[in-house]
Number of protein chains: 2
Amino acid sequence: MGSVKLGVSAGKLTNADADRLRRDLDSYMLKRGLRSTEQRRLIIDTFFDVGEHITIDSLLKQVRSVDSRVGYATVYRTMKLLTESGVVQEHKFGDGFTRYELSDEEHHHDHLICLDCGKITEFEEPLIEELQDRVANRYGFHVRQHKHELYGTCAECQKRNARKKKA
Amino acid sequence: MGSVKLGVSAGKLTNADADRLRRDLDSYMLKRGLRSTEQRRLIIDTFFDVGEHITIDSLLKQVRSVDSRVGYATVYRTMKLLTESGVVQEHKFGDGFTRYELSDEEHHHDHLICLDCGKITEFEEPLIEELQDRVANRYGFHVRQHKHELYGTCAECQKRNARKKKA
DNA sequence: ATTATTGCAAATATTTTGCAATAAC
DNA sequence: GTTATTGCAAAATATTTGCAATAAT
């Protein structure tokens, strides 16, 4: 809502990466004869601005602060479109809300999810990916996508909890 | 349904492990004054028999083949009880159904999920767990649980698909 | 002019819950 | 006898869909 908008960042991606994704999306839409509507542009722009792990609800709120008439089915449909185009990835971290983030093919990352405050942190660990491939090979399994999520308590919440205990 | 029942196995766990889990459950229920009803016994016995990655639907079907009057809310409530006691673990593999399996504290395992046939295979890889702990340490993150799932195509489905392509 | 898209409301699908009846302690 | 548990139906939750109106091509 009253949040500070930078209008520059798209999460941890560089502007060049974000631009590439936008071009990917354009060509995807062109190929299928999909149309560029006011709503889609607004939703997509808002998402690229806010990025990182946003929920439909939160995205809709931001979108409606600009155009209050946008329906939530449109947001769902637009995010589905983005997902199908490969430009964004869906995540379900178990709180019941689907979250979306821009794809980053170069640097695949996974997630730490704090069960206390909900904060989501990204991590990269190529060695894990390597071992994972080796495991898949053992079973002759062809990996198309994967999910590696650590659930627990983030550093800040641990500190906060320790303080609370003392008091 | 007409499936072969061994009446022995509880997935990959040994009988000793399964027995320990049952004792854990008993003491958990005793401590909280929870009651052993006919329905609960039936549901729990059926689950211990069938085990591994079963869904509520499938479990209810098996239970109803013995006692057709059991309601599905009872199955949900019983599985929630088992989960809260720590005896079973819930998994959501993304097909919309929650699956349950007996906890195995000794040998933690993760999953390969075939997107073609739905087969779920377990794997163990202590080195990944180790690296994972190291990652968590980097962030001062305290891991309480984790999820490592590889989605793709299993060996059999790859073969089957190759055959189909030829034909 | 054709047809993709929108917004609404209704439908889905899984899980949860309120409540009166029942059964375990 | 007290209170946890059951089964049913209704509610809750997130997402999807049918459809008439609208807008992009």
Side-chain angles (χ1 to χ4, degrees), chain A residues 25-47 53-85 88-100 118, chain B residues 25-47 53-85 88-100 118:
Chain A
L25 178 60
D26 286 348
S27 80
Y28 178 86
M29 290 179 72
L30 201 68
K31 207 182 329 185
R32 324 218 153 194
L34 303 178
R35 293 170 184 178
S36 174
T37 68
E38 213 178 307
Q39 291 94 324
R40 275 185 186 164
R41 281 191 300 270
L42 174 57
I43 293 164
I44 294 168
D45 286 351
T46 306
F47 176 70
H53 315 126
I54 198 169
T55 62
I56 292 282
D57 246 45
S58 167
L59 181 55
L60 178 61
K61 222 177 268 174
Q62 306 238 22
V63 164
R64 281 201 172 150
S65 74
V66 178
D67 181 349
S68 61
R69 292 160 312 171
V70 176
Y72 68 109
T74 304
V75 178
Y76 271 110
R77 286 190 274 229
T78 303
M79 294 318 286
K80 175 169 259 185
L81 188 165
L82 289 168
T83 305
E84 281 164 357
S85 76
V88 323
Q89 285 193 273
E90 278 187 6
H91 290 289
K92 291 181 191 209
F93 292 133
D95 61 354
F97 301 101
T98 300
R99 288 162 193 278
Y100 300 86
Chain B
L25 178 60
D26 286 348
S27 80
Y28 177 87
M29 290 178 73
L30 200 67
K31 207 182 330 185
R32 326 219 150 192
L34 302 178
R35 292 169 184 177
S36 174
T37 67
E38 212 179 304
Q39 291 94 326
R40 274 184 186 164
R41 282 190 300 271
L42 174 57
I43 293 164
I44 293 168
D45 286 352
T46 306
F47 176 70
H53 315 126
I54 198 168
T55 61
I56 292 282
D57 246 45
S58 165
L59 181 54
L60 179 60
K61 221 176 269 174
Q62 306 238 21
V63 164
R64 282 203 171 147
S65 74
V66 178
D67 181 349
S68 61
R69 291 160 314 170
V70 176
Y72 68 111
T74 304
V75 179
Y76 271 109
R77 287 191 272 230
T78 303
M79 293 319 285
K80 174 169 260 187
L81 189 165
L82 289 168
T83 305
E84 281 163 358
S85 76
V88 323
Q89 285 193 273
E90 277 187 5
H91 290 290
K92 292 181 190 205
F93 292 134
D95 62 354
F97 302 100
T98 300
R99 287 162 194 279
Y100 299 87

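Treat the numbers as computed from the prediction; the structure is a model and nothing was measured. Chain letters run A, B, ... following the sequence lines, proteins first and then strands; every chain starts at 1.
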Practice task
Taking all non-hydrogen atoms of both residues into account, name the closest pair between B:Arg64 and B:Tyr72 and its distance.
Solution key: NH2-N, 3.9 Å

Problem - First encountered from the 5' end of DNA chain C, between B:Glu38 and B:Phe97 - result: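 Nearer the 5' end of the strand: B:Phe97.
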
Handout entry: 5′-ward residue of the pair B:Thr98/A:Thr37 relative to DNA chain C
Key =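 Its nearest nucleotide being more 5', the pick is A:Thr37.
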
Are [X] and [Y] packed together at the side-chain level, in the sense that at least one heavy-atom pair is separated by less than 4.5 angstrom?
X       : Y       : result
B:Met79 : B:Ile56 : yes
B:Ile54 : B:Phe47 : yes
B:Val63 : B:Gln39 : no
A:Leu25 : A:Met29 : yes

Exercise for the section: May I have the distance from B:Arg40 (atom CZ) to C:dA23 (atom P), rounded to whole angstrom? Expected result: 15 Å

Practice task
Please identify each residue that fulfils side chain to side chain contact (heavy atoms under 4.5 Å, CB included) with A:Lys92, with sequence neighbours left out.
Solution key: A:Glu90, A:Thr98

Exercise for the section: Before giving the answer on side-chain contact (heavy atoms from CB on, under 4.5 Å), spell out for A:Asp67 and A:Val70 the whole-Å C-alpha distance, their side-chain angles and the decisive distance to 0.1 Å. Expected result: CA-CA 6 Å; A:Asp67 181 349; A:Val70 176; 4.0 Å; yes

Practice task
Would you check, one step at a time, whether the test side-chain contact (heavy atoms from CB on, under 4.5 Å) holds for B:Arg40 with B:Thr74?
Solution key: CA-CA 8 Å; B:Arg40 274 184 186 164; B:Thr74 304; 5.6 Å; no

Handout entry: chain B contact limits on DNA chain D, taken 5' to 3' with a cut-off of 4.0 angstrom to heavy atoms
Key =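 Footprint of chain B along DNA chain D, 5' to 3': D:dT3 to D:dA10.
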
Exercise for the section: List in numerical order all residues of residues 71-80 of chain A for which some heavy atom is under 4.0 Å away from an atom belonging to DNA chain D. Expected result: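 Only A:Tyr72, A:Ala73, A:Tyr76, A:Arg77, A:Lys80 qualify.
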
Exercise for the section: Please tell me which of A:Ser36 and B:Leu34 maps to the more 5' nucleotide of DNA chain D, matching each residue to the nucleotide holding its nearest heavy atom. Expected result: B:Leu34

